[in-house]
Amino acid sequence: MSFENLTVATIESWLREEDHARLQLLWDAADAARKAHVGEAVHLRGLIEISSYCCRLCGYCGLRADNRGLERYRMTRDEILNCAREAREFGYGTVVMQAGEDYGLTQAFITDLIHAIKEETGLAVTLSLGERPNEDFIAWRRAGADRYLLRFETSDPRLYAMIHPPGPGRTISDRLAMLERLRGFGYEIGSGVMVGIPGQSYAMLARDLATFRNLDLDMIGVGPYISHPATPLGQACGTAAPGCQSGATGEDACPTLAPGDQVPNSELMTYKTVALTRLVRPDANIPSTTALATLNLAQGREFGLQRGANIVMPNLTPPEYRKLYEIYPAKACIAETGRECHSCMGARIRRIGREVGRGPGGRKKP
Ligand code: SAH
């Protein structure tokens with residue numbers, strides 16, 4: 001069976017595949033491609049969730065501005081630097097600073113932080129701070145930031161418009177165009193989608209995967225959509241995860257699809273998406289995500305790594321903050337310290353016979 005040059009139709013039929021023996025072929029092909037193109041090393045990216053403030057109203061995300069039930073925090077310079085020091089101590093090559101779209105994180109604050117982290121630790125710096133103005137992107141790149149992560153969430157314009165309303169005083173965003181600009185500014189770029197967003201059809205997800213192939217992405221993150229009760233999507237489509245099926249309640253905010261067209265936000269569907277991502281972009285860095293671990297704490301990360309992924313992102317955020325960074329409920333590992341996360345990840349990687357990567361772990365461009 002050939003997994004080369006998969007068409008959108010073939011990708012869709014793999015997404016719909018339920019036969020275990022055939023799925024095993026998919027897992028094996030993805031694992032072989034991973035091994036051939038990015039090797040056995042699992043690179044660790046230290047995640048620091050630096051602020052939970054957000055000015056946006058994304059339909060899926062618990063950090064949305066109008067969620068008044070959430071206590072907000074913004075880490076101080078020293079707190080963030082301490083996490084970066086831990087990352088260096090643990091041997092990580094990279095820190096990822098992620099936050100809601102928070103303009104309290106000023107251009108100057110982030111610029112200074114990048115300088116400080118680079119100077120003190122020499123680590124690669126990845127930013128995931130949402131849709132900021134070009135001037136911010138340029139200033140941060142100049143300060144030494146290496147990578148920017150911005151998921152396009154879905155390539156379907158209608159679904160995107162429904163779940164991702166424009167920021168204050170802005171028009172609807174074009175994240176694909178923004179990614180191209182970021183690349184132009186000299187960043188390595190990462191993107192990705194959620195699997196099983198209410199209203200996401202198999203054809204849409206297949207087109208997301210084709211979009212991965214067409215964009216020259218350095219990193220691609222895919223994780224299951226997890227319903228948050230304090231969001232419009234969560235309220236319209238119920239809070240049970242997995243399984244917000246289209247039309248479950250028939251509310252306006254839950255877009256309806258023909259029966260059988262809705263992609264389930266399940267663990268299995270996420271593995272299929274991870275595996276197909278590897279097959280369409282064999283040399284990309286692909287994380288086995290926390291959202292996947294949230295669906296299966298015992299083995300989700302490991303299965304992700306055995307079905308195409310080559311990255312994990314241990315969380316360095318201090319426990320008192322990480323429980324407040326509630327993009328979705330019941331996130332895996334919210335009570336742990338960075339040190340606990342670190343030793344747990346190392347053990348999990350070794351248990352499946354892989355090795356922990358060293359160095360910044362950027363993409364080896366052919
Ligand atoms: N403000 C930044 C970071 C957002 S959080 C930005 O907008 O890019 C990082 C990712 O978490 C998002 O891109 C989204 O794909 C994912 N996410 C948010 N809410 C989620 C949910 N309810 N279920 C699963 N993933 C979610």
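Whatever order the structure lists ligands and atoms in, that order sets their numbers, starting from 1.
Ring pair F303/Y271 is perpendicular by interplanar angle, where above 60° counts as perpendicular and below 30° as parallel.
Heavy-atom minimum distance, L324 versus S52: O-CB, 4.0 Å. Nearest heavy-atom pair across E153 and R175 is OE2-NH1, 3.5 Å.
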Ligand-protein N/O pairs under 3.5 Å (ligand 1):
from	atom 1	to	atom 2	distance (Å)
ligand 1	1 (N)	A99	O	2.9
ligand 1	7 (O)	R175	NH2	2.9
ligand 1	13 (O)	E153	OE2	2.6
ligand 1	15 (O)	R151	NH1	2.9
ligand 1	15 (O)	E153	OE1	2.6
ligand 1	15 (O)	E153	OE2	3.4
ligand 1	22 (N)	Y60	O	2.9
ligand 1	22 (N)	I226	O	2.7
ligand 1	23 (N)	I226	N	2.9
ligand 1	23 (N)	I226	O	3.4

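Under the rule for a salt bridge (charged side-chain N to carboxylate O under 4.0 Å, His left out), the partners of R16 that lie at least two apart in sequence or sit in another chain are E12, D261.
Among residue pairs with one or both ends in residues 55-64, those qualifying as salt bridge (Lys or Arg N to Asp or Glu O under 4.0 Å) are R56-E101, R56-E131, R64-D66; sequence neighbours excluded.
With a 4.5 Å cut-off between side-chain heavy atoms of Ile, Leu, Val, Met, Phe, Trp and Tyr, the cluster of L297 takes in none.
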